[in-house]
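The chains referred to below are lettered A, B, ... by the order of the sequence lines, with proteins before strands, and numbering in each begins at 1. Keep in mind the model is a prediction, meaning the values are calculated, not measured.
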Protein chains: 2
Amino acid sequence: MVQKKDGDEAKRRGRPRAYDPEEALRRAMDAFWKSGYSGTSLDDLSAATGMNRPSLYAAFGDKRSLYLKALAYYWQVALGTMRADLAQDRPLADSLMRAYEGALSIYFSGDDRPRGCFVVGTAVTEAMEDAEIRESLMTGFLEFDADFEARFRMARDNRELREDADPATLATLATAVMHTIAIRARSGTPRADLAEFARKAVSAICG
Amino acid sequence: MVQKKDGDEAKRRGRPRAYDPEEALRRAMDAFWKSGYSGTSLDDLSAATGMNRPSLYAAFGDKRSLYLKALAYYWQVALGTMRADLAQDRPLADSLMRAYEGALSIYFSGDDRPRGCFVVGTAVTEAMEDAEIRESLMTGFLEFDADFEARFRMARDNRELREDADPATLATLATAVMHTIAIRARSGTPRADLAEFARKAVSAICG
DNA sequence: TTTTTTTTGTACCATATCGCATAAAATCCT
DNA sequence: AGGATTTTATGCGATATGGTACAAAAAAAA
């Protein structure tokens, strides 16, 4: 377990890759993010990643397979930032606002116009005809709910919330606020308006 | 203005149409609803409507034009049922639940699996690259907000809500609940679960 | 240096897709 | 009945699309 290191630096045998796999996956994700799954062609993906078709295929499999990898990568990033934001030791309302600010900076990232959430903006469309995507959405959303719920439960134990508050309901409400922000960001609502709404929503939910 | 009637029954001059325009539009909408804009081909639309390509083209213009007509039609139906549900003279919570039940029966309509909201499930994806769709979303969502807000304002005047409740914030929250229901319906959450969540959300919002 | 291994780049194939040209069909008007 | 008018039906054509074959290139191993 010592001499081999992890395959990352291990000298591979043939011609070296001209791309960084994670960077390429990010760029492919960006392409899908912009135009959706069906609206993104292999030419688009090739242009976005700088890889030619056979390299794309060798690295990630076919188009659908590449999309699924992008989706998994997005979940990882989105859930990761959300957990980091909620984990900080702050009052409940601050904690929630952090989570929404974190989401907003994802939804408004990229040099193009605001693109919202990758999942809401692209995967939901495909969920109707692709069972694997559908299941990914179910579990992803439930994880969001669960993280929010844990935070609300903690707040109730800390007397930041009334005894009779229901953490599960509040959590789903909190996810709902995230969903509407994702939808509206992609539809052109200015970031400041969404941040303002998030503040008021947090007050309403916590108060 | 008397003899001509509205062009509906007026004897047209050439070969009669073999289709009902509104029915055809509904079927085209169903096709888009299932696979999204980019994922639906003219062959799909032709099969769904029973019209051949040239007839489709003559009746609705090109693919994008047909999609825009379907989108407008959906807004009309969705806003219509929502207004009808909210207009009934009932206590606030009942009123809101009616609106959510109405939405659920749209999201779970069709003989296929649940398809959620046409707007959330298909138009949001295209909003990134199509300004006209983007604007349609903005105005549509704001109309939802406005209708909810009017209902909350009425409730506050009727003392069904506390004096210090903010109708605008509650309205956006109510739309947020609708959005999350739309997303989750398409992602496979059972209808009963969504109805249950709607009930709890309504309690939280009104209480 | 030669061989082996892996990746790249060009080109290609079969099919899908969008849109339209053109002729046949069905109705109204004279 | 015969011409005018509108819709339907078949099919074409240019391009886009997803996927792959094959040879050249670049590195390690022998």
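Nearer the 5' end of DNA chain C, as judged by each residue's closest nucleotide, is the contact made by Lys63(B), out of Pro54(B) and Lys63(B). In terms of position on DNA chain C, the residue among Arg53(B) and Ala18(A) whose nearest nucleotide sits closer to the 5' end is Ala18(A). Between Thr40(A) and Pro16(B), the residue whose closest nucleotide on DNA chain D is further toward the 5' end is Pro16(B).
In terms of modelled atom types and a separation under 3.5 Å, the side chain of Tyr67(B) and the main chain of Ser38(B) share no donor-acceptor contact.
To the nearest angstrom, P of dT7(D) lies 12 Å from CZ of Phe60(B). The nearest whole Å value for the distance from the OH atom in Tyr19(B) to the P atom in dA9(D) is 11 Å. Rounded to an integer number of Å, the gap from Leu66(A) CG to dG18(D) P is 11 Å. Between the C1' atom of dT17(D) and the OH atom of Tyr37(A) lies a distance of 12 Å, rounded to the nearest Å. One interatomic measurement links the two molecules: CG of Leu56(B) to P of dC20(C), which rounds to 13 Å at whole-angstrom precision. Across the protein-nucleic acid pair, Asp43(B) atom CG and dA9(D) atom P stand 15 Å apart, rounded to whole Å. Rounded to an integer number of Å, the gap from CE of Met51(A) to P of dT7(C) is 10 Å. Between the CG atom of Leu42(B) and the C1' atom of dG11(D) there is a distance of 15 Å, given to the nearest Å.
At the heavy-atom level, Arg13(A) lies under 4.0 Å from base atoms of the strands shown.
OP1 or OP2 of dC18(C) has not a single side-chain nitrogen or oxygen of Tyr57(B) nearer than 4.0 Å. An OP1 or OP2 oxygen of dA9(D) is reached within less than 4.0 angstrom by a side-chain nitrogen or oxygen of Asn52(B). Phosphate proximity of dT8(D) to Ser55(B): present, with a side-chain N or O under 4.0 Å from OP1 or OP2.
dA30(D): Watson-Crick or G-U partner is dT1(C), with both key distances under 3.5 Å.
Centroid-to-centroid, the aromatic rings of Phe141(B) and Trp75(B) come within less than 6.0 Å.
For the 3.5 Å distance criterion, the side chains of Asn52(B) and Ser55(B) qualify, holding a donor opposite an acceptor.
Cation-pi contact between Lys63(B) and Tyr37(B): present, with separation from the ring centre below 6.0 Å and deviation from the ring axis of at most 45°.
Under 3.5 Å, the side chain of Arg15(B) and the base of dA25(C) form at least one donor-acceptor pair of N or O atoms.
Ring pair Phe60(A)/Tyr19(A) is tilted by interplanar angle, where 30° to 60° counts as tilted.
Closest contact between the side chain of Asp62(A) and the listed nucleotides dG18(D), dG19(D), dT6(C) involves dG19(D).
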